[in-house]
Amino acid sequence: MKILLILFCISTFSFSTVLEDYLNDLEKKVLKEKPTFKGFDYKRGEKIFTSTHIGKRGKEVSCTSCHGINLNESHKNFFTGKMIKPLSPKVNKDRFTKTKQIEKWLKRNFKDVYNRVGTNLEKGDVVTYITTKE
Ligand code: HEC
């Protein structure tokens, strides 16, 4: 009986991560705006992450300017020169573990590159890209 209870607890609680909750929440919001929405898309996320725009201080930047194209490696911040640890949760266990942190940096970083905040759809697409890229 005890074992069954433990198994039940594991299956209902432990398998839902901050990342899953975050994406599910974004998905609900997108569906409200657009009922035909079919799910977040890696390819759209890739474009958001790698395309270049006139961003902060009028510079041509992309997300890769600070995070690089290999998300399993550290990369130099384009503006400050400081090293930023890898974005991929596969090699950096601190990534996508706190909703507040994810939201704070997405907000700031979309402004750096796009001069505006990201939409729920864009955030879902780009997070899908970052967290599933090899
Ligand atoms: C000007 C440099 C810069 C640019 C451009 C930039 N970032 Fe960041 N990003 C940072 C810094 C600095 C941090 C916080 C330091 C850290 O977490 O190592 C960060 C953190 C993040 C995180 C935090 C994840 C977590 O849970 O820890 C995500 C997600 C992220 N960036 C995504 C993006 C996306 C998407 C773009 C493009 C829209 C982008 N970044 C563009 C500098 C940048």
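The structure presented is a predicted model; accordingly, all values stated were derived computationally and were not measured. When a ligand or atom number is given, it counts from 1 through the structure's own listing order.
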*Asks:* With the threshold set at under 4.0 angstrom, would you say Gly55 reaches ligand 1 through any of its heavy atoms?
*Replies:*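 It does not; every heavy atom stays at 4.0 Å or beyond.
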*Asks:* At under 4.0 Å between heavy atoms, which part of Phe96 makes contact with ligand 1: side chain, backbone, both or neither?
*Replies:*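 Contact part for Phe96 vs ligand 1: both backbone and side chain.
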*Asks:* Is there a chain of hydrophobic side chains (I, L, V, M, F, W, Y, each step under 4.5 Å between heavy atoms) that links Ile69 to Tyr42?
*Replies:*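 Yes; tracing contacts between hydrophobic side chains, which count when under 4.5 Å, links both residues.
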*Asks:* Give the atoms of ligand 1, by number and element, whose distance to some non-hydrogen atom of Val126 is under 4.0 Å.
*Replies:*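 Ligand 1 atoms under the 4.0 Å threshold to Val126: 35 (C).
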*Asks:* Listing by chain and number, what protein N/O/S atoms are under 2.8 Å from atom 8 (Fe) of ligand 1?
*Replies:*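 Near atom 8 (Fe) of ligand 1, below 2.8 Å, one finds His67 NE2, Asn109 OD1.
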*Asks:* Just distance, no hydrogens or angles: give the donor-acceptor pairs under 3.5 Å from side chains in residues 54-63, sequence neighbours left out.
*Replies:*
from  : atom 1 : to    : atom 2 : distance (Å)
Ser62 : OG     : Thr64 : N      : 3.3
Ser62 : OG     : Thr64 : OG1    : 2.5

*Asks:* Do other residues, nucleotides or ligands put more than 12 heavy atoms under 6.0 Å from the CD atom of Glu134?
*Replies:*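 Check fails, neighbour count at 12 or below.
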*Asks:* Would you please test Asn120 and Lys123 for side-chain contact (heavy atoms from CB on, under 4.5 Å) and show each step?
*Replies:* CA-CA 5 Å; Asn120 293 319; Lys123 289 193 282 187; 3.9 Å; yes
*Asks:* Evaluate side-chain contact (heavy atoms from CB on, under 4.5 Å) for Val117 paired with Lys111, printing each intermediate quantity in order.
*Replies:* CA-CA 6 Å; Val117 296; Lys111 283 192 179 162; 3.8 Å; yes
*Asks:* Nearest protein heavy-atom contact for atom 17 (O) of ligand 1: which residue, which atom, what distance?
*Replies:*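 I find the closest protein heavy atom is Arg95 NH1, 2.5 Å.
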*Asks:* Keeping the roles fixed (side chain from His75, backbone from Cys66), state whether a donor-acceptor pair exists under 3.5 Å.
*Replies:*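 Yes, the answer is positive, given that a donor and an acceptor are paired below the 3.5 Å cut-off.
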*Asks:* Can you list the steps and then say if Asp41 with Tyr129 is a side-chain contact (heavy atoms from CB on, under 4.5 Å)?
*Replies:* CA-CA 8 Å; Asp41 184 74; Tyr129 169 75; over 6 Å; no
*Asks:* If we only count heavy atoms from C-beta on, is the Ile102 to Leu19 side-chain gap below 4.5 Å?
*Replies:*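 Not in contact.
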*Asks:* Within ligand 1, which atoms have a heavy atom of Asn77 less than 4.0 Å away?
*Replies:*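 What qualifies from ligand 1 is 1 (C), 2 (C), 12 (C).
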*Asks:* Could you list the atoms of ligand 1 found under 4.0 angstrom from a heavy atom of Ile102?
*Replies:*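 This gives 26 (O) as the contact atoms.
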*Asks:* Carefully, step by step, assess Val18 and Lys98 under the rule side-chain contact (heavy atoms from CB on, under 4.5 Å).
*Replies:* CA-CA 7 Å; Val18 168; Lys98 291 187 208 93; 5.8 Å; no
*Asks:* Lys104 and side chain to side chain contact (heavy atoms under 4.5 Å, CB included): which partner among Gln101, Arg108, Lys100?
*Replies:*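 Considering Gln101, Arg108, Lys100, a side chain to side chain contact (heavy atoms under 4.5 Å, CB included) with Lys104 is found only for Arg108.
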*Asks:* Against heavy atoms of Ser62, which atoms of ligand 1 measure under 4.0 Å?
*Replies:*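 This gives 5 (C) as the contact atoms.
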*Asks:* Pull out every atom of ligand 1 sitting under 4.0 Å from any heavy atom of Phe79, numbered as shown with elements.
*Replies:*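 Once the distances to Phe79 are compared, the set is 1 (C).
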